[in-house]
2 protein chains.
Amino acid sequence: MSLVQLESFVAVAEEGHVGRAAQRLHLSQPPLTRRIRSLEEELGLELFERTPRGMRLRPAGERLLPRARRILAQVDALPELLRHPQDAEGRDEPWSEPSS
Amino acid sequence: MSLVQLESFVAVAEEGHVGRAAQRLHLSQPPLTRRIRSLEEELGLELFERTPRGMRLRPAGERLLPRARRILAQVDALPELLRHPQDAEGRDEPWSEPSS
DNA sequence: CGGTGCGATGCCGAAACGGTATTGGACCTC
DNA sequence: GAGGTCCAATACCGTTTCGGCATCGCACCG
């Protein structure tokens, strides 16, 4: 499992369409489809239900979404955190969940 | 930044030697050296001090270590969490920090 | 029934990655 | 202080991975 896969999953979950999510990720549709499928294969379960209209989250996907978002947020916060020594060690992260 | 980079960083930080960490990751030394350097380049700061004995953590590396460990732990926990619907949504993660 | 919009797949060129071999530098020993 | 040792760093190369283009298959719609 990679961060790229998690990021791809979140994008598709939020957009509901592989094509649109690909656009948002500055990527074409086929590689994004492959990322999602490889993630599902790796987990051994289907995160999305394929409808003629696009992609709808399955229960497992619903459970994954908030956790994936949080992990990505923590990773995004790393560079800033490493550059500011005044953040004491006990303080650690505030887990700022994006309000979305 | 990728999970592989974070995993590599943690291994080197814990072992204090690139060579030994590579062994632990079932990898040879050169690619592991490259992973660490690419992570440092990407962050624009040095995580380790190179000594003739091996690698010693710099302050930025010290700050990264616990956060990297936590992120990796969260990722490792994902497959299990997705497979068990009885985990209610409000319960989210307990952030079980390894006792190390 | 022809058109449309969606994800899935085949194919190919480019980029990323890992391993072997080697280098360069600091220490330690005699 | 010369030779040996133990590190990480680099050069090079073969393999694998990855992305884009083109196309397919399918369900719905008019």
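All chains are named by letter (A, B, ...) in the order of the sequence lines, taking the proteins before the strands, and each is independently numbered beginning at 1. Please read these numbers as outputs of a predicted model, since none were measured by experiment.
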Rounded distance in Å - [atom1] ([X]) to [atom2] ([N]):
{"X": "A:E15", "N": "C:dG7", "atom1": "CD", "atom2": "P", "value": "11 Å"}
{"X": "A:L39", "N": "C:dA8", "atom1": "CG", "atom2": "P", "value": "13 Å"}
{"X": "A:F48", "N": "C:dC6", "atom1": "CZ", "atom2": "P", "value": "16 Å"}
{"X": "A:E42", "N": "D:dT17", "atom1": "CD", "atom2": "P", "value": "13 Å"}
{"X": "B:R53", "N": "D:dT5", "atom1": "CZ", "atom2": "P", "value": "15 Å"}
{"X": "B:L3", "N": "C:dC17", "atom1": "CG", "atom2": "P", "value": "14 Å"}
{"X": "A:E49", "N": "D:dC26", "atom1": "CD", "atom2": "P", "value": "18 Å"}
{"X": "B:H17", "N": "C:dA26", "atom1": "NE2", "atom2": "P", "value": "18 Å"}

Distance from B:E7 atom CD to B:R69 atom CZ, nearest 0.5 Å?
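The distance works out to 13.0 Å.
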Looking at A:R50, I'd like to know whether one of its side-chain N or O atoms comes within less than 4.0 Å of OP1 or OP2 on C:dA8.
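Yes, A:R50 has a side-chain N/O under 4.0 Å of OP1/OP2 on C:dA8.
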Can you see if the side chain of B:T33 gets near the phosphate of D:dA8 - specifically, an N or O under 4.0 Å from OP1 or OP2?
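Checking B:T33 against D:dA8: no side-chain N or O falls below 4.0 Å of OP1 or OP2.
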Between A:R24 and A:E15, the two heavy atoms sitting closest are NH1-OE2, 3.0 Å
Nearest-nucleotide wise, let me know which of A:Q29 and B:P31 is further upstream toward the 5' end of DNA chain D.
B:P31
May I ask you to say what A:R37 touches in the nucleic acid, namely base, sugar-phosphate or nothing, with a heavy-atom cut-off under 4.0 Å?
sugar-phosphate
What does A:R20 touch in the nucleic acid at a heavy-atom separation under 4.0 angstrom: a base, only the sugar-phosphate, or nothing?
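Since no nucleic acid heavy atom lies under 4.0 Å of A:R20, the category is nothing.
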Quick one: do A:E49 and A:R58 make a salt bridge, cutoff under 4.0 Å?
no
Does B:R35 get its side chain close enough to the base of C:dG18, under 3.5 Å, for a donor-acceptor pair?
no
Sidechain-backbone polar pair: B:H17 side chain, B:A22 backbone, donor-acceptor under 3.5 Å:
no
